Structures are given as structure tokens and as C-alpha cells.
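Here the structure comes first, spelled out in C-alpha cells, and everything after it is commentary.
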Amino acid sequence: MSAIATTDRLFFDSLDRRAAERAVLRALAGAEDGELFLEYRESEAIGLEDGRIKSASFDASRGFGLRAVSGEATAYAHAGEITEAALARAAEAVAAVRSGHGGSMAVAPRATNARLYSPDNPLPALSFEAKTRLLAEIDAHARASDPHVAQVIVSLAGEWQAVRILRADGTNVADLRPLVRLGVTVVLEKDGRRESGAYGMGGRTFYDAVLSEAAWRAAVAEALRQARVNLEARPAPAGEMEVVLGPGWPGILLHEAVGHGLEGDFNRKGTSAFAGLVGQRIAAPGVTVVDDGTIPGRRGSLTVDDEGTPTGRTTLIEDGILVGFLQDRQNARLMGAAPTGNGRRQSYAHAPMPRMTNTIMLSGAHAPAEILASVKRGLYAVNFGGGQVDITSGKFVFSASEAYLIEDGRITAPVKGATLIGNGPDALTRVSMIGSDSALDPGIGTCGKNGQGVPVGVGQPTLKIAGLTVGGTAV
């Protein structure tokens, strides 16, 4: 069944479609942009801990958001019921944004025939009983794999989102979006010391991609490997040193320290460290960063964004030169640019804003072994935990959940407690070697901005940064 037909059934059982179109016309008459965003979402999550199911939830929600935009002003109304009466109230509320303002409706988003993921709902593919049995099997396998296992935590989450976007110009776009994720955490205890390792994976796919035996066994093996490494880790040294970032998930540092600063709203308002620098060198030669929402099946990928604009591959930094920003429709119009398909929202209760999809640094010319061999003394950071960044200054602090010393060009002892401290714009200029092994994360990222969370992806090659400050715990 097509996305249009499916959303007809979901949204127009209690709301006449023509009445909805008339309400949109009334609400947006005289405004420059806006849309009616209809959403239906099913989501579930199951957590196993101590060998037992500790949590299980299922939620189904349905609602709409109606937005009218005039200049920099935005009016937004939403409701958790899709009825003609609720829509009429919302239309009356948002129509006030055009008071004293006359404008012409912005050009509609271009059409797309792309399909980056299946439209089918993954949640019913396995029964609840089958899912819980699989989680128990994962738990038993992890415990049997190492005699030092003290705790196993397994989590499974999935959702299916159906959206329909109607505009006053007649644009009518629908999308059906699956999303699944599996997480495994293992705690090992040995000689009075407890350490953990974790691995997660997922994407816009079905449960079999994460629940096949080969997939979950690999997840358990990786979580155990990390925990074993941490059991042997010594306190991390502190000071300024060369840092090598591993490929894939360490791109989260790029996402946080640089990516947010390249979103259009921060630059239009002048609050980003990159504001006003288009056409200037902001990174070392060879650094090319793209945001690509068109990669099939990836966690951050979308056929269309939440304004109805098809996603694309947007080059942000090219060979070290800042060439563009991520744009939703409003910021693009105000900055005289084209929308890039990055208008995203957490749900119908939230207005869209410029957000990343899959943000990736492209490969360079150096073999990873060559990069490591070039370091006399430094840190090799393979996985990251939490971090903080200040968008205005670009300053960041990130904790490495898996890291090693590099001594005389060789990876030696694992270390724990390492934090990377720096400034995003400055760190980009300190990139001295770029690996040939750009990789994507396993499908676990969620990005927060202004109280909204959306799924995202990151990626990068092995990367050498000169003179980065490492905070450590070694005395």
C-alpha cells in the first residue's frame, strides 16, 4: 500500500480531507510559508536486566501541528486529536502571525520518487513473546561467554512513524518511517574491579537486521571486548598531545563540536562560531564534511524532511573551506539560500528547525596504520561517551569510553578517564592526517537541540589532530 493510501486511512477517518485543505488555506492566507503536519506513531521498548524483563512499553500517538510563517515570525499550534474542530481552532490561532504583514507564499518543495527504506511497520513482525525470548537468549549467551560477567543489560526499541504534509499551494507529501535499535551492555568483575562495555546498532530497517543470530552475537562480542579492555585500563595521562580518533562513531565529536555550528538558524542569528565565514578557510586542507540524508537505511536518513523537502547530500566544508549551512525553509529564505532538506521536528507537537541527518567527514589519503605510526606519544580514542559543547564559542569536552596510549608509533596500554578538551573551529585547523577508511556509526545516535530529540548518524575516517588537550586521571 502506498504512503498516501496508508496515511489516508490513518488521518482522514475522523477528518475530511477537503476540510483540512480549506483550513490550511485559511490559516496560511497572506503568510509566506507554513504547513499542516499530520503524524501517527507507534513505538515500543523492552529492557532486560538481571535476567528478567525490567521494563516494557508500547505507545501509539496521533496528532497534528499547524504552522504559519511570516518573515522571522512563526506561529505554531498543535493538538493530540485530528478533528475538524481542533484544526479550526489551530487555524484561527496561527493566522494571527500575518497581522500587519503581507507576503507571497514561498515556492513549494520539489517532488521526489526516492524510497530510502521500507514503508512497512516493523513492530508486528515479531510477537512480544518472541522478542522477550530473544532478549533472554542474548543475556544467556553473554553470561556463558565469560565467567566474569556480573551483569547484562539488553534493550530493544522500535518505532513506525507515518507523516503527511499539506501546504496551501496544494503540495501533499506522505512518508512512512521505520526505526529499530538493539543495545547490549555487559559488566565484568575481576579481582574486585568492575568495568563495563556497551554496543548498540540499528537503523531504518526491520528487527531482523539487529535480531538475527549473527548480529546480536556480534553485539555481545563487542560489548565483552570493550569491558575486557576497560578491566586492563590504567589511568589516562593529562596534557596537550597528539590525538588519533578512530573511524565511525568518534564522528560524534565532529557532530557536536562542528555540526551544530553549521546549522542555518545559529548562523542567521550570528550566534555560531562560524557565522559570516562562508568562503573562508575554517579547517585544514583535505577536510571535507557533508551532511547526507539520502543514505538508504541509515538512522538519520529521510526520504523527505518534516517540511516535505527531499533530503540531499549537502557539502558544508570542502577541502577546508566553509561552503554552506544546513537549512530548513524559513532560514533558507531569510538567508537567500536554498532549503537543504534539514527541516526536522521531534513530533507533531514541535515546530521544525535546521537539524543534521548523517554528518560525515570524507576519507583522505593516509592509511590508518601510517597515521598511528607517525605519533611519538599520544592518545588513540576509539569510542566516546558523553560530551558538551558551547555553540557560540565552539568549546567542547568529550569523554572517551575506550582509548589507548600511542608510544613510538604503536598502540600500547588501554587507558580510562580520558577527556578531550578543545574548541571545534580550532580543532579543525589542527587536523594533520586524514585516513582512507571513513566509516559510519552502527546506528545509535540521537541528537538534542532546543528540547527536541531526533535520530541522526555520524561518520569519519581515522583522524590525527595535533595539540589537543587531554584531561586524564593519572597522578
Side-chain angles (χ1 to χ4, degrees), residues 181 198-203 222 226 243-263 274 282-284 286-295 297-301 311 313-318 320 322 326 342 355-364 366 368 371-372 379-389 391 394 396-403 418-449 454-465 468:
R181 175 176 170 171
Y199 186 75
M201 57 184 175
E222 177 59 18
Q226 289 185 30
V243 173
V244 177
L245 303 179
W249 178 242
I252 190 63
L253 192 152
L254 174 75
H255 169 104
E256 294 289 356
V258 178
H260 278 297
L262 299 178
E263 291 168 337
F274 299 104
I282 64 167
V287 172
T288 296
V289 178
V290 302
D291 186 86
D292 192 345
T294 69
I295 307 172
R298 299 302 303 179
R299 185 170 170 83
S301 295
T311 56
R313 181 181 175 93
T314 303
T315 301
L316 302 170
I317 303 171
E318 187 169 16
L322 178 61
L326 300 176
N342 290 88
R355 305 294 299 272
M356 287 172 274
T357 57
N358 304 297
T359 308
I360 306 160
M361 182 182 291
L362 302 187
S363 289
H366 296 281
I371 295 174
L372 291 166
L379 185 79
Y380 180 42
V382 179
N383 281 301
F384 283 96
Q388 293 180 322
V389 63
I391 300 300
F396 63 80
V397 178
F398 276 88
S399 60
S401 57
E402 181 183 357
T419 58
L420 302 187
I421 305 166
N423 176 286
D426 178 64
L428 284 179
T429 66
R430 295 174 179 264
V431 173
S432 58
M433 298 179 78
I434 303 172
S436 57
D437 59 340
S438 189
L440 298 172
D441 76 284
I444 58 176
T446 297
C447 171
K449 176 181 175 181
V454 296
V456 296
V458 299
Q460 69 169 47
T462 299
L463 202 64
K464 177 181 171 182
I465 304 176
L468 202 59

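Keep in mind it's a predicted model, so treat the numbers as computed, not measured. Heads up: numbering here begins at 1 and tracks the sequence.
For the 3.5 Å distance criterion, the side chains of D291 and T314 fail to qualify, holding no donor opposite an acceptor.
I360 and S438 make their closest contact through CG2-OG, 3.8 Å (heavy atoms, listed as atom of the first residue, atom of the second, distance). Heavy-atom minimum distance, T311 versus T294: O-CG2, 3.6 Å. Counting all heavy atoms, side chain and backbone alike, I317 lies closest to A283 at CG2-CB, 4.3 Å. Shown here for F384 and A400, the closest heavy-atom pair between the two residues is CD2-CA, 4.1 Å. Of all heavy-atom pairs spanning G459 and L254, the tightest one is O-CD2, 4.2 Å.
Between the side chain of R298 and the backbone N or O of D292, no donor-acceptor pair lies under 3.5 Å. The closest donor-acceptor contact from the side chain of S363 to the backbone of P461 lies at 3.5 Å or more, if one exists at all. Side chain of N383 to backbone of S401: no donor-acceptor contact under 3.5 angstrom is found. For the pair Q460 (side chain) and M361 (backbone), a donor-acceptor distance under 3.5 Å is absent. Here the side chain of N342 pairs a donor or acceptor atom with the backbone of R355 at under 3.5 angstrom. In this structure, the side chain of R181 engages the main chain of I444 through a donor-acceptor pair within 3.5 Å. The closest donor-acceptor contact from the side chain of W249 to the backbone of P442 lies at 3.5 Å or more, if one exists at all.
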Derivation and outcome, side chain to side chain contact (heavy atoms under 4.5 Å, CB included), residues T359 and V456
CA-CA 8 Å; T359 308; V456 296; over 6 Å; no
Could you walk me through whether T446 and R299 satisfy the side chain to side chain contact (heavy atoms under 4.5 Å, CB included) test, starting with their C-alpha distance in whole Å, then the side-chain angles of each, then the deciding distance to 0.1 Å, before giving a yes or no?
CA-CA 9 Å; T446 297; R299 185 170 170 83; 2.9 Å; yes
Hey, mind stepping through V458 and N358 against side chain to side chain contact (heavy atoms under 4.5 Å, CB included) and telling me if it holds?
CA-CA 5 Å; V458 299; N358 304 297; over 6 Å; no
I would like to know whether D441 and I252 meet side chain to side chain contact (heavy atoms under 4.5 Å, CB included); could you show each step before the answer?
CA-CA 9 Å; D441 76 284; I252 190 63; over 6 Å; no
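In this structure, CD in E222 is found 11.0 Å from CE in M201, a value given to the nearest 0.5 Å. Annotation: the span from F398 atom CZ to E256 atom CD amounts to 5.0 Å, rounded to 0.5 Å. To the nearest 0.5 angstrom, F274 atom CZ is 7.5 Å from L322 atom CG. L253 contributes atom CG, which lies 6.5 Å from atom CD1 of I465 (distance to the nearest 0.5 angstrom).
Looking at L316 and V258, their side chains never come closer than 4.5 Å, going by heavy atoms from C-beta outward. Side chains of I295 and S301 form a contact here, defined as non-hydrogen atoms less than 4.5 Å apart. Side-chain contact between L379 and L420 is present, with heavy atoms from C-beta onward closer than 4.5 Å. L372 places none of its side-chain heavy atoms less than 4.5 Å from the side chain of T462.
For the side-chain contact (heavy atoms from CB on, under 4.5 Å) with K464, the qualifying choice from L245, V243, I371 is I371, the only one to do so.
Every side chain to side chain donor-acceptor pair (under 3.5 Å) that H260 has, sequence neighbours left out, goes to E263. Listed by chain and residue number, D426 satisfy the salt bridge (charged side-chain N to carboxylate O under 4.0 Å, His left out) test with R430 (two or more places apart in sequence, or in another chain).
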